[in-house]
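Take a look at the structure below.
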Amino acid sequence: MPPSGADPDPTPWRGEIGAALAALPTGRRRALRSFSRADTGSGALLRPTGGGPPLLDLASNDYLGLSRHDAVIAAAAETLAAEGLGAGASRLVSGTRPVHERLERELAAWLGRERVLLFPSGFQANVAAVTALADRRSLVFADRLLHHSLLAGVRASGARLQRFAHNDLLDLERRLRAAARAAPRQRRLVLSESLFSMEGTSPDVAELADLCRRHGALLLLDEAHALGVLGPGGRGLAWGLADVAVISGTFGKAFGSGGAFLASDALLGEWLLQRSGGFRYTTALAPPLAAGALAALALLQRQSGAGGALCRQAARWRQALAEAGWGRPAGAGPILPLIVARDEAALALQQRLERQGLLSVAIRPPTVPSGTARLRLVVRQDLPADTLPRLLNALGPRHAAP
Ligand SMILES: Cc1ncc(COP(=O)(O)O)c(C=O)c1O
């Protein structure tokens, strides 16, 4: 309390935020860690900047190692030299460069969609898409384990939200049917992902798209983790499915660059251009990142079997983990969660792996539901051949795990 007569505290919010911070459980507090590349070749080794031996990277989403690919680096470097670093303005002012238009055209052709719009990040693309497609009169159905960015979009749109059980199309259908009965003319938007980043799982996308069509709902599918890896030639699981109305993708994962995009038909593309503040009122994607993404796209087209090969490698890891008693991680892509339930067990496992020179991150609530803490293992194309035996050795038998 200020002494009587003194001015009231002009920053009461400091006390509130300080108290809220102090109330966060210490075991769940996050701290930043920084790493530098420990070798300039494969990019698979990371050195903690605080010291300590290099760690083999089983954590990042650079699934095909393209962030270190010569062609990707050369394309970004050339554009950097020719165009400078930043675009300097939004796309609708003077920020559009030929590399943006080319990337949008070539991505649209690769994905079989009429229109692609670039964004500086996937988070932003998702918020932009949901706020352009839904408003406070709309009803949004979101998978229970959906990425935070899409939920942030729902909140910003003011739409009503219903969560359906993870990848449970029967639950979704029941909800769609009830909603259509209650308010036939209300806009209904369904949000899901084609490869869930913390689960490694995928919905049956063809079934999901068909369900949305039958119930007159618009489907926005986040393909952030699937593109480059899943579907024919790495084109994602929405490939060939016109009933997936909008695809969201990022260049920050298998493309090895940064930035993102939304892909759709011409009508929705024009609507997104006209209505999404997240596209109109932001500085255009940095041209060197766009050039790096374009080079990555060319590589994906040339090496169209890379995603399939990575999935086959991931299947060998799944089988070996199951045989070692760890249970077969769900899904078919390169994300393999080892669910150990307790937060402390996941952290202890992360530390055990680190002592053996392997970096994999414990994922805990609120990122995942309470009681499902896990180690998130990522299989990447540029890992050395002895990685799996090293991992199994470091994990040890399941019954002796923390
Ligand atoms: C499923 C999903 N969607 C969207 C994003 C956001 O993409 P970006 O990293 O380009 O912002 C991520 C990345 O964390 C993600 O995992």
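Counting starts at 1 for both ligands and their atoms, in listed order.
Taken from NE2 in His147 to OG1 in Thr367, the straight-line distance is 9.0 Å, to the nearest 0.5 Å.
For ligand 1, one of its N or O atoms has an N or O atom of Phe123 under 3.5 Å away. Annotation: Thr250 places an N or O atom under 3.5 Å from an N or O atom of ligand 1; distance criterion only. Residue Glu193 places no N or O, backbone or side chain, under 3.5 Å from any N or O of ligand 1. Considering both main-chain and side-chain atoms, Gly122 comes within under 3.5 Å of ligand 1 through a nitrogen or oxygen pair.
Close approach of ligand 1 to Ala224 is summarised as follows: ligand atoms under 4.0 Å from at least one heavy atom of the residue are 1 (C), 2 (C), 3 (N). Interface of Asp222 with ligand 1, defined as ligand atoms under 4.0 Å from a residue heavy atom, comprises 1 (C), 2 (C), 3 (N), 4 (C). Contact atoms of ligand 1 toward Lys253: 12 (C), 13 (C), 14 (O), 15 (C), 16 (O) (distance under 4.0 Å to a heavy atom of the residue). Per-residue contacts place His225 under 4.0 angstrom from the following atoms of ligand 1 (heavy atoms of the residue considered): 1 (C), 15 (C), 16 (O). Every atom of ligand 1 is numbered from 1 in the order shown, and the set under 4.0 Å from a heavy atom of Asn126 is 3 (N), 4 (C).
Using a 30° and 60° split on the angle between ring planes, Phe123 and His148 fall in the tilted class, from 30° to 60°.
The closest approach between any non-hydrogen atom of Gly252 and ligand 1 is not below 4.0 Å. For Gln124, the closest heavy-atom approach to ligand 1 does not fall below 4.0 Å.
Among protein heavy atoms, atom 5 (C) of ligand 1 sits closest to His147 CE1, 3.6 Å.
The neighbour count for Asp386 CG, taken as heavy atoms of other residues, nucleotides or ligands under 6.0 Å away, is above 12.
A donor-acceptor contact closer than 3.5 angstrom is absent between the side chains of Arg115 and Ser264. Between the side chains of Arg137 and Gln186, not a single donor N or O lies within less than 3.5 Å of an accepting N or O.
Salt bridge status for Arg113 with Glu223: absent, with no side-chain N to carboxylate O gap under 4.0 Å. Ionic pairing of Arg177 and Glu173 is present here: one or more N-O contacts between side-chain nitrogen and carboxylate oxygen are shorter than 4.0 angstrom. Salt bridge annotation for Arg91-Glu101: absent, with no cationic side-chain nitrogen under 4.0 angstrom from a carboxylate oxygen.
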